[in-house]
K.L.:
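Mind looking over this structure? Questions follow.
We name chains A, B, ... by the order of the sequence lines, and we start the count at 1 in each one. Owing to the predicted nature of the structure, the values given are computational and were not obtained by experimental measurement.
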Amino acid sequence: MPELPEVETIRRGLEKYVVGHKILDLAILHTGIFEGEKEQIIGSQIIKARRYAKGLILDLDNSFSLAIHIKLTGQLIYRDAATEKIEVSKDKVGTIPNAFTHLIFYLDQEAMLYYNDQRRFGWIRVVPTNEVLEMKFFKTLGPEPFKDLTLDIFQKIVSGSPTKIKPFLMDQEKIGGIGNIYANDALFRSGIDPRRPAKSLNSGEINLLYESVIKVMEKSFEEGGASELSFINVLGQEGGYQRHALIYGRRREPCIKCGGVIEFFKLAGRGTYFCKNCQK
DNA sequence: AAGGATACCTGAATGC
DNA sequence: TGCATTCAGGTATCCT
């Protein structure tokens with residue numbers, strides 16, 4: 001569930017709290033997440049927090065960057081004297097550090113940045129700044145909502161693809177940033193069956209789907225993201241989108257539009273929620 | 001080439 | 001009740 005709105009929520013927190021700090025030291029509690037040498041980052045200052053789709057980049061002032069992907073359960077938590085008083089989500093974090101804390105970045109001014117990851121799918125790589133976007137993950141990303149995915153481009157790529165529309169939306173090389181939650185909700189909001197070939201959508205449907213992707217993500221920004229799994233912001237707080245999801249996570253519940261029972265099936269290996277009355 | 005299945009990992013939910 | 005199996009989702013990789 002960390003999709004574009006969740007990762008952007010984290011980026012904004014990094015920009016506000018972490019950028020400007022110097023990295024004094026790094027504690028590696030468990031190996032496998034951090035790829036690089038401590039020496040490449042210690043003593044440098046964090047000067048920028050960038051995001052491309054679901055990927056994050058912290059640029060350092062020594063011409064290196066930290067490329068970060070939190071995958072499903074990664075958490076970046078910032079702590080200092082001022083934020084110490086803010087309680088992190090008991091539900092999602094408990095104590096800091098906890099058993100899933102893999103990295104602790106010791107920053108100047110007695111601040112710390114923790115990387116937690118229950119399932120250890122995430123990664124943090126040290127890469128020369130001018131090579132970060134050459135990494136396969138960033139290099140192959142498609143255009144993303146709110147950025148370079150214009151309606152024109154969306155029309156063009158949707159109408160030219162035989163792929164089923166839901167896996168199409170979630171393919172990061174076609175469009176960057178959409179994951180399972182927002183793909184489900186955007187298709188429901190648009191009244192489109194997730195199994196339809198992308199190119200079978202007429203232009204009215206494509207316009208509506210484009211608008212729906214934007215709308216469900218805007219709603220999520222307002223709610224501070226979706227904390228269905230382990231997502232929290234850099235202060236350790238949960239988001240609330242999961243309580244407002246249109247169809248995602250509502251298996252066997254009544255549809256909010258027609259009252260019919262929401263069905264659930266796998267599509268391209270992913271959990272798919274579907275209202276047969278409302279999605280054609 | 002493109003799309004489907006599988007691996008990665010672990011807590012929670014479900015099944016018998 | 002309790003143990004075992006399944007499930008969840010983002011991406012890389014293997015396979016067809």
Side-chain angles (χ1 to χ4, degrees), chain A residues 1-10 29-35 51-56 67-76 89-95 98-103 115-125 134-142 144-145 157-158 160-187 194-200 216-217 220 225-232 238-239 241-242 245 247-253 262-273:
Chain A
M1 42 110 263
E3 307 177 33
L4 190 154
E6 289 76 27
V7 181
E8 174 61 15
T9 299
I10 291 172
L29 281 55
H30 306 106
T31 56
I33 303 282
F34 182 77
E35 300 170 32
R51 178 192 59 77
Y52 295 88
K54 303 172 195 171
L56 287 164
I68 303 170
H69 202 304
I70 66 170
K71 294 285 183 80
L72 298 175
T73 55
Q75 302 173 326
L76 287 159
S89 164
K90 261 213 162 80
D91 217 31
K92 311 289 186 196
V93 184
T95 58
N98 63 31
F100 302 114
T101 301
H102 306 299
L103 305 170
Y115 181 76
N116 297 348
D117 197 337
Q118 180 187 105
R119 293 165 76 172
R120 290 186 279 131
F121 287 170
W123 42 258
I124 297 185
R125 291 181 192 144
E134 295 303 309
M135 288 172 59
K136 196 215 159 256
F137 172 78
F138 291 104
K139 193 176 178 142
T140 58
L141 282 176
E144 62 177 276
I157 61 178
V158 170
S161 171
T163 307
K164 294 181 182 76
I165 188 63
K166 181 164 176 267
F168 177 91
L169 290 174
M170 295 172 65
D171 183 339
Q172 301 301 298
E173 299 189 14
K174 294 190 168 66
I175 297 170
I178 303 176
N180 204 28
I181 295 181
Y182 304 108
N184 273 292
D185 274 11
L187 285 163
R195 296 164 292 198
R196 283 176 55 191
K199 64 182 184 185
S200 77
V216 296
M217 287 192 173
S220 189
S227 291
E228 187 78 3
L229 277 180
S230 49
F231 166 74
I232 49 164
E238 295 180 39
Y241 183 84
Q242 67 283 3
I247 195 168
Y248 179 84
R250 303 194 182 283
R251 180 180 195 166
R252 294 195 280 255
E253 289 178 28
I262 291 167
E263 295 173 17
F264 177 86
F265 53 84
K266 286 285 175 78
L267 180 57
R270 286 288 165 262
T272 302
Y273 300 86

K.L.:
Mind checking Phe168(A) for me? I need base, sugar-phosphate or nothing, with any heavy atom below 4.0 Å counting as a touch.
P.N.:
nothing

K.L.:
Have a look at Gly269(A) and say if it touches a base, only the backbone sugar-phosphate, or nothing, with a 4.0 Å heavy-atom cut-off.
P.N.:
nothing

K.L.:
Just the rounded figure in Å: distance from C1' of dG11(B) to CG of Leu72(A).
P.N.:
13 Å

K.L.:
Report the distance from atom NZ of Lys71(A) to atom CD1 of Ile33(A), rounding to the nearest 0.5 Å.
P.N.:
9.5 Å

K.L.:
Can you tell me how far apart OG (Ser220(A)) and CG (Asp185(A)) are? Round to the nearest 0.5 Å.
P.N.:
9.5 Å

K.L.:
Check the interface with nucleotides 11-15 of chain C: list each N/O to N/O pair with the protein under 3.5 Å, or write none.
P.N.:
unit_1  : atom_1 : unit_2    : atom_2 : d
dT11(C) : OP1    : His69(A)  : NE2    : 2.6
dT11(C) : OP2    : Lys54(A)  : NZ     : 3.2
dT11(C) : O4     : Arg270(A) : NH2    : 3.1

K.L.:
Taking the same atom, P, in dT6(B) and in dT6(C), what whole-Å distance lies between them?
P.N.:
13 Å

K.L.:
Starting at OG1 of Thr101(A), measure out to CG of Asn116(A) and round the result to the nearest 0.5 Å.
P.N.:
3.5 Å

K.L.:
Assign Lys92(A) to base, sugar-phosphate, or nothing according to its heavy-atom contacts below 4.0 angstrom with the strands shown.
P.N.:
nothing

K.L.:
Which whole-number value in Å describes the distance from Arg195(A) CZ to dG4(B) C1'?
P.N.:
17 Å

K.L.:
If I take atom CZ in residue Phe121(A) and atom P in nucleotide dA7(B), what distance separates them, rounded to the nearest angstrom?
P.N.:
12 Å

K.L.:
Considering every strand and a 4.0 Å limit on heavy-atom distances, what is the contact class for Thr163(A): base, sugar-phosphate, or nothing?
P.N.:
sugar-phosphate

K.L.:
Just by modelled atom types, is the Lys136(A) backbone N or O under 3.5 Å from a matching donor or acceptor in the Thr140(A) side chain?
P.N.:
yes

K.L.:
Does the side chain of Lys266(A) get closer than 4.0 angstrom to OP1 or OP2 of dC7(C) through an N or O atom?
P.N.:
no

K.L.:
Rounded to the Å, how far apart are Arg252(A) CZ and dC7(C) P?
P.N.:
12 Å

K.L.:
In whole angstrom, give the distance that lies between atom CD of Gln118(A) and atom P of dT10(B).
P.N.:
8 Å

K.L.:
dG10(C) C1' sits how many Å from Ile70(A) CD1, rounded?
P.N.:
10 Å

K.L.:
So which atom in Ile232(A) and which in Ile10(A) form the shortest heavy-atom distance, rounded to 0.1 Å?
P.N.:
O-CG1, 4.0 Å

K.L.:
First locate atom CG of Asn184(A), then atom OG1 of Thr272(A), and finally report the distance between them rounded to the nearest 0.5 Å.
P.N.:
5.5 Å

K.L.:
Does Tyr182(A) have its ring centroid less than 6.0 Å away from the ring centroid of Tyr241(A)?
P.N.:
yes

K.L.:
Are the side chain of Gln118(A) and the backbone of Phe100(A) linked by a donor-acceptor contact shorter than 3.5 Å?
P.N.:
no

K.L.:
Would you name the heavy atoms of Phe138(A) and Leu56(A) that are closest together and state the gap between them?
P.N.:
CZ-O, 4.0 Å

K.L.:
When rounded to the nearest Å, what value does the distance between P atoms of dA5(B) and dC7(C) take?
P.N.:
14 Å

K.L.:
Pairing of DNA chain C as dot-bracket, 5' to 3': ( ) intra-strand, [ ] crossing, | other strand, . unpaired, with Watson-Crick or G-U pairs under 3.5 Å?
P.N.:
.|||||||.|||||||

K.L.:
Between P on dC8(B) and NE2 on His102(A), what's the gap in Å once rounded to a whole number?
P.N.:
17 Å

K.L.:
Has Arg120(A) got a side-chain N or O lying under 4.0 Å from the OP1 or OP2 atom of dC8(B)?
P.N.:
no

K.L.:
Lys174(A) NZ to dA1(B) P: how many Å, rounded?
P.N.:
14 Å

K.L.:
Under the side chain to side chain donor-acceptor pair (under 3.5 Å) rule, collect the residues that match up with Tyr115(A), sequence neighbours excluded.
P.N.:
Asp117(A)

